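In what follows, a structure is listed as structure tokens, so that the remarks can point back to it.
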Amino acid sequence: MANPNKRTGCPKEKHLCNCTKHKTKDKAVVGEVAGTLPTVVIGATVRLPLTFRLFKTPKITIIPDGGIRVEEDGEYFVTFSAIFPNDIAFPNVVFSIYSPDFSGTALTGEGTANYSELVCLRKGDTVYVTITNNTGAPIPLPNADNIGVTGLLNVIKVGD
């Protein structure tokens with residue numbers, strides 16, 4: 001059978017390439033982790049234990065104390081989402097996303113937090129998240145629904 005991509009000269013145009021060179025070069029670099037923190041004491045800043053692997057490609061390492069380390073330089077799309085009890089005074093709950101060369105703060109609403117940004121990461125950089133509880137009360141509140149903080153972190157390579 002003739003190569004249907006012969007007219008363009010690109011053997012991978014329709015994902016029909018069996019060439020090892022293209023398969024290695026085009027492998028995605030993606031990591032997705034989740035974690036739950038059952039409680040956060042008043043005034044504490046703690047690293048979220050984002051260690052439960054939901055998806056991981058070979059150039060990603062899940063860090064034991066929470067986060068994702070990339071094993072390839074490039075531009076990455078970093079997203080973070082969290083839920084926490086909505087009876088908490090949300091402006092005083094701060095989620096910070098860190099790496100050696102950038103930091104950001106998630107947009108926090110009633111019981112949710114979201115963050116996304118394109119960042120340049122180098123081989124060996126780790127992306128992790130902390131939560132700061134400035135509410136004057138522990139998370140969760142005593143006699144509440146006992147929901148702590150649950151987070152989801154994604155790191156996806158989008159360019160070189």
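As the structure is a prediction and not an experimental result, all values here were calculated from the model. Worth knowing before you read on, the calculation uses all heavy atoms, side chains too, and leaves out hydrogens, waters and symmetry mates.
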Let's go through V127 and L153 carefully: what are the C-alpha distance in whole Å and the side-chain angles of both, what is the deciding distance for side-chain contact (heavy atoms from CB on, under 4.5 Å) to 0.1 Å, and is it a yes or a no?
CA-CA 9 Å; V127 180; L153 176 66; 4.1 Å; yes
If two hydrophobic side chains count as joined below 4.5 Å and joins carry through other members, does [X] share a cluster with [Y]?
X    : Y   : answer
I156 : I62 : no
V29  : I63 : no
V33  : V46 : yes

Whether S103 side chain and I97 backbone form a donor-acceptor pair below 3.5 Å:
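No, the answer is negative, given that no donor and acceptor are paired below the 3.5 Å cut-off.
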Main chain of V40, side chain of N133: is a donor-acceptor contact present, judged purely on distance under 3.5 Å?
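Yes.
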Please enumerate all residues that pass side-chain contact (heavy atoms from CB on, under 4.5 Å) together with T105, with sequence neighbours excluded.
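Testing T105 for side-chain contact (heavy atoms from CB on, under 4.5 Å), a comparison that skips the adjacent residues, returns V94, S96.
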What residues, two or more places apart in sequence or in another chain, satisfy side-chain contact (heavy atoms from CB on, under 4.5 Å) together with I83?
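So I83 forms a side-chain contact (heavy atoms from CB on, under 4.5 Å) with T112, T150.
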For [X], side chain to side chain donor-acceptor pair (under 3.5 Å) partners two or more places apart:
X    : value
T45  : T132
S116 : none
T39  : none
T126 : none

Under the rule for ring-ring contact (aromatic ring centres under 6.0 Å, His included), what residues qualify as partners of F80, not counting sequence neighbours?
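Once residues adjacent in sequence are excluded, the partners of F80 under the ring-ring contact (aromatic ring centres under 6.0 Å, His included) criterion are F95.
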With sequence neighbours left out, what residues match Y98 under ring-ring contact (aromatic ring centres under 6.0 Å, His included)?
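Partners of Y98 under the ring-ring contact (aromatic ring centres under 6.0 Å, His included) test: Y128.
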Looking at side-chain heavy atoms only, is the closest gap between [X] and [Y] below 4.5 Å?
X    : Y    : answer
V149 : L48  : yes
F84  : T108 : yes
L107 : Y115 : no
L118 : V158 : yes
E71  : T61  : yes
Y76  : V70  : yes
P85  : I139 : yes

Please list all pairs meeting salt bridge (charged side-chain N to carboxylate O under 4.0 Å, His left out) that have one or both residues in residues 116-129, counting only residues at least two apart or in different chains.
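Those involving residues 116-129 are D101-R122.
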Can you list every salt bridge (charged side-chain N to carboxylate O under 4.0 Å, His left out) pair that touches residues 34-62, not counting sequence neighbours?
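Qualifying pairs, neighbours excluded: R47-D65, K59-E72.
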For the student: nearest non-hydrogen atoms of P49 and L37, plus distance
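Looking at all heavy atoms of both residues, the closest pair is CD-CD1, 3.9 Å.
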What are the two closest heavy atoms between S81 and N114, and how far apart are they?
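Answer, listing the atom of S81 first, then N114: OG-OD1, 3.1 Å.
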Rounded to the nearest 0.5 Å, what separates atom CG in D73 from atom CG in L121?
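One gets 9.0 Å once the value is rounded to the nearest 0.5 Å.
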Non-neighbouring partners of E75 that pass salt bridge (Lys or Arg N to Asp or Glu O under 4.0 Å), sequence neighbours left out:
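Salt bridge (Lys or Arg N to Asp or Glu O under 4.0 Å) check on E75 returns nothing, list empty.
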Apply side-chain hydrogen bond (donor to acceptor under 3.5 Å, both in side chains) to T135 and N92, showing your working.
CA-CA 5 Å; T135 64; N92 297 317; over 6 Å; no
Taking ILVMFWY side chains as joined if any heavy atoms are under 4.5 angstrom apart, and letting links pass through other members, which residues group with F52?
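Besides F52, the hydrophobic cluster comprises L54, L152, listed by chain and residue number.
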